[in-house]
Amino acid sequence: MARVLVIEDEEDLQQVLEYNLRQNGHEPLAALRGAEGLRLARQHRPDLIILDLMLPDLAGTEICKSLKKDPAAKEIPILMLTARGEEIDRVVGFELGADDYVVKPFSVRELMLRVQVILRRGQLESAGRPIHEFGILRVDASAHRVWVEEREIELTALEFKLLVTLLERRDRVQTRTVLLDDVWGMVAEVTTRTVDTHVKRLREKLEGAGRYIETVRGVGYRFAASAETGK
Ligand code: CA
């Protein structure tokens with residue numbers, strides 16, 4: 001599952017893309033304006049951005065430029081949607097660092113294939129991420145898989161992100177606010193209480209390895225320093 005942000009002002013097209021992304025197992029995020037798209041991109045750090053070149057408030061090229069300059073967003077691949085005849089913009093799009101483009105009108109099937117290609121490329125690049133072994137817990141950060149005592153555990157994308165964030169900052173306390181920022185990306189409707197709920201569920205799923213996630217009262221959570229001290 002990948003989080004895909006679509007910045008496109010045509011509502012019909014936006015809906016078609018949203019539907020098809022969901023059908024392909026992805027989590028779509030929609031912006032009808034450029035400024036909103038930029039905000040969502042920085043807030044949610046999607047795995048891919050589908051960006052229309054012609055938007056009412058900001059040109060797609062400007063959005064692309066501004067994302068590629070932003071250290072927090074520059075790694076996000078961008079697929080540009082251009083109208084027929086926008087040859088110059090197309091070239092500029094590539095100069096600006098777009099990863100691919102599709103000319104309107106396009107077949108949605110073709111677009112979804114391009115999306116898969118870009119996402120797969122991203123996964124290959126992240127394939128160098130480590131496999132963590134910690135006591136009875138094993139986490140493959142690039143394959144998004146978790147095992148406890150050699151038994152595979154099913155986690156949601158969010159639970160997985162929460163686990164890896166804690167694990168990679170082992171022995172350092174993470175406040176609820178920091179976790180909200182880094183795991184949830186500060187979605188407005190989420191509160192610090194949500195962090196507690198998710199940690200609770202994550203611990204339950206991890207069974208015997210759940211004790212590695214320690215509560216630091218009044219502050220937040222911490223992944224144990226060593227598998228032996230986890231209680
Ligand atoms: Ca447009």
Side-chain angles (χ1 to χ4, degrees), residues 1-126 157-158 161 180-190:
M1 187 197 76
R3 188 179 275 177
V4 181
L5 169 63
V6 182
I7 309 176
E8 165 62 71
D9 58 309
E10 286 166 51
E11 288 188 42
D12 294 350
L13 181 55
Q14 184 67 264
Q15 279 168 15
V16 168
L17 294 181
E18 187 173 347
Y19 173 81
N20 281 276
L21 286 165
R22 267 190 220 288
Q23 288 294 104
N24 283 274
H26 301 309
E27 181 195 341
L29 280 170
L32 292 167
R33 293 292 179 270
E36 186 195 0
L38 271 177
R39 188 177 56 78
L40 289 178
R42 294 190 170 120
Q43 212 172 65
H44 297 277
R45 308 271 297 278
D47 302 295
L48 170 69
I49 298 172
I50 299 178
L51 173 63
D52 182 29
L53 203 55
M54 301 291 281
L55 292 163
D57 57 339
L58 279 169
T61 48
E62 288 307 309
I63 295 173
C64 199
K65 213 188 288 179
S66 138
L67 287 172
K68 293 297 170 188
K69 267 195 300 204
D70 183 343
K74 67 174 191 211
E75 305 294 338
I76 305 171
I78 296 175
L79 194 160
M80 286 267 207
L81 301 181
T82 78
R84 208 183 283 284
E86 289 172 336
E87 300 291 330
I88 298 165
D89 290 328
R90 186 189 292 181
V91 173
V92 171
F94 274 107
E95 281 173 4
L96 290 174
D99 293 75
D100 201 355
Y101 69 89
V102 169
V103 178
K104 288 182 181 180
F106 51 82
S107 94
V108 174
R109 201 181 129 76
E110 165 71 18
L111 180 68
M112 289 302 136
L113 287 174
R114 302 280 191 98
V115 164
Q116 286 313 121
V117 169
I118 298 177
L119 290 174
R120 207 176 307 133
R121 201 185 294 154
Q123 279 160 7
L124 287 178
E125 278 162 14
S126 71
L158 208 121
K161 201 170 167 192
L180 269 185
D181 244 348
D182 295 351
V183 178
W184 277 261
M186 288 268 278
V187 185
E189 61 269 29
V190 161

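Counting starts at 1 for both ligands and their atoms, in listed order.
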Exercise for the section: Give a yes/no answer: is there an N/O/S atom of E10 under 3.0 Å from the Ca ion (ligand 1)? Expected result: no
Practice task
Check for a donor-acceptor pair, side chain of R3 on one end and backbone N or O of R45 on the other, with a separation under 3.5 Å.
Solution key: no
Fill in the blank from the handout: Answer key: the N, O or S atom of D52 nearest to the Ca ion (ligand 1) is OD2
Fill in the blank from the handout: Closest to the Ca ion (ligand 1), among the N/O/S atoms of D9, is atom OD1
Exercise for the section: Step through the shown structure and confirm whether more than 12 heavy atoms of other residues, nucleotides or ligands are within 6.0 Å of CD on E110. Expected result: yes
Practice task
Indicate yes or no: at least one non-hydrogen side-chain atom of D9 is less than 4.5 angstrom from one of R33.
Solution key: yes
Exercise for the section: Confirm or rule out an N/O/S atom of E8, from backbone or side chain, lying less than 3.0 Å from the Ca ion (ligand 1). Expected result: no
Problem - side-chain contact (heavy atoms from CB on, under 4.5 Å), paired with V6, selected from L21, L81, L29 - result: L21
